Amino acid sequence: MGFNFSENGFNQLLESLNQDYQIYAPVRKKNKDSFSANDLITYDLIKSLEEIELTVKSKYSAKEIVFPIRETLFHFVEGEQFIASDTDDKYIIFLRPCDRNAFKRLDKIFLENGPEEDIYYKRLRENVKFFVIECTSGFDSCFCVSMESNTVEAEDYAAFLRFEENGVSCEVNDQDLAVEFSSQAEEIKFEPQFIEKNKVEVKLPDREKLTNEVFEHQLWTEYSQRCIACGRCNTSCPTCSCFTVKDVLYDENKKSGERFRRWAGCHIDGFTEMAGGHNFREDYGDRMRYKTMHKIYDFGERFDFDMCVGCGRCDDVCPEYISFSKCINKLSTIIEEGV
Amino acid sequence: MSFNTKKIKKNAFRITKDREVTALRIRVPGGHINAKYLSLIKEIADEYGNGTLHITTRQGFEVPGISFADFEEVNKKIAPILEGMEKEIGVKIADPREGYPAAGTRNVSACIGNRVCRYSNYDTTEMAQQIEKNIFPNDYHVKIALSGCPNDCIKGHLQDFGILGMVEPIYHQERCIGCKACVDNCHKRVTSALSFEQERVLRDEKRCIGCGECILQCPTNAWERGEQFFKVVIMGRTGKKNPRLAKPFLKWASRDVVIAIVNNVYDYIERHIDTSLAKEHIGYIVDRTGYPKFKEEILKGVELNSECEIADKINWNGYQTGEKI
Ligand code: SF4
Ligand code: SF4
Ligand code: SF4
Ligand code: SF4
Ligand code: SF4
C-alpha cells in the first residue's frame, strides 16, 4: 500500500508511532565528532522528521542497536547466575538498503551460524521493524551495486520511504502499521526505486581462482606498512560481528559481578590472542587479508551472499586512507592477470 | 629630515639602521590572511620598499626599504588591509587611510587551529580576532598567542599570555570496546592520565590536560567531545634580562573568562607601569608588583566558571643572562 505524507503529516505519524516504538534514525550531533567543530552523524532516537540526517552517510551503522557495543549477558550474585533482563521495547529503524542487507548478514551469523541461536541478538532483533530509506544518488564511497545489496525485497521491510521536498511518499508492508499509516494519509501508487550505479565499482575475484598463492602475495605486505590497526574499519562496518566475552567482579570476595560481551575486530590488537598470550595474526597485512577473505569469500561460501554490503564506511573512516574497495579490485586484477 | 620618531613607531613603522628608510609592520590577526591581500603587500614592497618581505615571528609581514618621505602615501595604500583585516573584525579604526593607530600591543597570533589541524580544540584564528578586537589599538606592550591544543605550536609559552585549547573528554563505557588505544596513547604521548581497570577506562582528572587525544584515538566515539576550555600560561618571554617560559595561571577556564582577563590587563598596566621608562613590558611589571597583586587585579569582576583552576603562586625562574654558563 502506498501513501503520501506532508511534512506535518509525517511528523504526526512519527508521534503516534512513538507511543509504541523507539524510533532510531541517523541524526546529526552538532560538534560531536572526534575532530573539533565536526558533526557526528550517527544513530539515535528521533521524534521528528527534521532530526533525520539524509544528506550524509552515518559514521556508524544501525548495527549497535541490535548488537550493542557492550552488552551484559549474566549477572553473578552469590555464586548464582542470572541472565541479564530483557525489555519489551519495540524498535523502528530507519536505514538504507545496504544497511538493511547488512542485517541479513547479522541474522545469518547470530541465528543460523552456530548450533544455537544467539538469544541476546534474537530478543532485540525480534522487536525491530525496518523503515528503508530510498537511495537516490548514493555517496562517494558506496559500492552496493557491485555487492548486490542495493535492492531490498518487500518482505524485508515494514515500510519503504522516499523523502521528497515537501514530504514523504512510502510503501507499507507491515499489517500492524498499515492501519496507522492509512488513518493519517491518502493512498497513492508507490514503487520503490533502487540505485543502479555507484561511483565506485568493484569487481569480485573469481572464487575458483583464489589459491594459496594469493595468500602470500605482496599485496598484503603493502597493508602491513600502511595499516595502524586502529580498528575503525571494523567498528564502522555494519556486518562485522565479532565480540569477546569478559567477566568483571564488583567486590573483593568475588561474589557479585557480570559477564558481558563487547565488540572485537580483526584489525585490533588482541583479536586473536590465545591463552599464553600468543598472537598469531600479529602482522597488520595479515589482518587485512583475513578481513578481505572473510568479507568477500569465506562467508559467501557458507551462505548465499557475501558478507560485505558495499556501504563504503570502512573507506570513509580509515585514517590511513586504505580503501577496501580498491583492495578488492587489486585482488581481482592480481588473480585475473596472475601478477 | 625631521619627524617625531615616537609617532612614527606608533604608526607601525620602524627606525632602522639606515637613516633614510623605514620598514612597515603589517598585522595578521589570528595568523590567517585572505590571499588577496598578498598582492597588495607585494605591490607596496615593489613600489615603495626594496622588493623583499620579512615574515615576522608574530605572523605579520615587515616591508623593509621604504623611504621616510613615502610613509604617508604607504599608509593610504594599506587602507584596504586595515579595512579588511582590522575594521572587518570589529577593531575601531577612525581613519584607515592613516595607517595603524598603535603598535604596542602586538599582533595576536595563532596556530592554524581547527580550520585545518586535527588536534585543535577550537578555531584559534576566530578567537584571536575577537581578542584583537577587544585590545587593539593599544600602546601597552602585550604579547598574546593562541594554540589549538597543549602542543602549543604557536609557542604561547614565550608570550605574556599563551592561550591553549582544552576539551573535556567524557567517557561512555557503553561504547567502549576496550581496545586501550586511548590509554596507550595518553601514556606514551601525553600525561598517563588514563588507566584500564575492571574492563573500563578511568581518567585521573588531576593528570588530564584536556588535550583531547583520547577522543581522537577512539574507534567508537566512546570518548565524547565535551565542553571547550582553555589553559592560560603567562609571562613567558625572551629578552636580554631574564628569559623564561610562561607558567600556568589558569586551567579549565571558559572562553568568557579568558576574554575577560585579557580585557583587564590594560587597567593593571595603567596602574603599575613605570612611566619613567620608554616602554615597559608587562612581564617586568608583574615581577615588580608580584603575582598575588597581578592575580587580584586581573581577576577583578571576572566571573570564574566552576571548573576553572587558578595558580596559588607562580615561580618563573627562567635564568639571568649574565650568569656564568
Ligand atoms: S551503499 Fe550507498 S547507495 Fe548503496 S544503499 Fe548504501 S547508502 Fe545507498
Ligand atoms: S567491509 Fe566496508 S564496505 Fe563492506 S560492509 Fe563493511 S564497512 Fe561496508
Ligand atoms: S581503519 Fe585503516 S588503519 Fe585502521 S585498522 Fe582499518 S585498515 Fe587499518
Ligand atoms: S584529554 Fe589528553 S591528557 Fe586527558 S585523558 Fe585524554 S589524552 Fe589523556
Ligand atoms: S579508545 Fe575508545 S574503545 Fe578503545 S579503550 Fe579507549 S574508550 Fe575504549
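What you see is a predicted model; the values in this text were computed from it and never measured. Letters A, B, ... are given to chains in the order of the sequence lines, protein chains preceding strands, and every chain is numbered from 1. The analysis underlying the following values was restricted to heavy atoms, covering all of them including side chains, and did not include hydrogens, waters or symmetry mates.
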message: With a sphere of 6.0 Å drawn around CZ of B:R115, does it hold more than 12 non-hydrogen atoms of other residues, nucleotides or ligands?
response: yes
- prompt: Considering only heavy atoms, which portion of A:Y250 lies under 4.5 Å from any heavy atom of chain B: side chain, backbone, both, or neither?
  reply: backbone
- request: Report, as yes or no, whether the 6.0 Å neighbourhood of atom NE2 on B:H172 holds more than 12 heavy atoms from other residues, nucleotides or ligands.
  value: yes
query: Would you say A:F82 has more than 12 foreign heavy atoms packed within less than 6.0 Å of its CZ?
result: yes
query: Looking just at side-chain N and O atoms, do B:N221 and A:K59 make a donor-acceptor pair shorter than 3.5 Å?
result: yes
field: Option that, when pairs with chain B are counted at under 4.5 Å, heavy atom only, ranks first among A:L40, A:I69, A:T42
entry: A:I69
- request: Against chain B, label A:E64 side chain, backbone, both or neither, depending on which of its atoms sit under 4.5 Å from a heavy atom there.
  value: side chain
query: With a 4.5 angstrom heavy-atom cut-off, which part of A:K32 approaches chain B: side chain, backbone, both or neither?
result: both
field: Top contributor to chain A contacts, counting heavy-atom pairs under 4.5 Å, from B:A181, B:C179, B:G178
entry: B:G178
message: I'd like to check A:W263 versus B:R175 (side-chain heavy atoms, cut-off strictly below 4.5 Å). Are they in contact?
response: no
query: Taking the six-membered ring of A:F35, is NZ or CZ of B:R225 closer than 6.0 Å to its centre and within 45° of its axis?
result: no
- prompt: For A:S36 and B:N114, does a side-chain donor sit closer than 3.5 Å to a side-chain acceptor?
  reply: yes
Under 4.5 Å from a heavy atom of chain B, the part of A:N38 involved: neither
task: Please indicate whether B:E309 has more than 12 foreign heavy atoms, meaning atoms of other residues, nucleotides or ligands, lying under 6.0 Å from its CD.
output: yes
query: Between the side chain of B:Q198 and the main-chain N/O of A:L249, is any donor-acceptor distance below 3.5 Å?
result: yes
Minimal non-hydrogen separation, A:C230 against B:P219, with atom names: O-CB, 3.6 Å
query: With a 4.5 angstrom heavy-atom cut-off, which part of B:C176 approaches chain A: side chain, backbone, both or neither?
result: backbone
- request: Between chain B and each of A:N31, A:T235, A:N234, A:T244, count heavy-atom pairs under 4.5 Å; write down the option with the most.
  value: A:T235
query: At their closest point, which heavy atom of A:R232 faces which heavy atom of B:L216, and how far apart are they?
result: NH2-O, 2.6 Å
field: Residue part contacting chain A, namely of B:Q217, when any heavy atom lies under 4.5 Å
entry: backbone
- prompt: Are any of the side-chain nitrogens in B:E199 or A:R262 under 4.0 Å away from the carboxylate oxygens of its partner?
  reply: yes
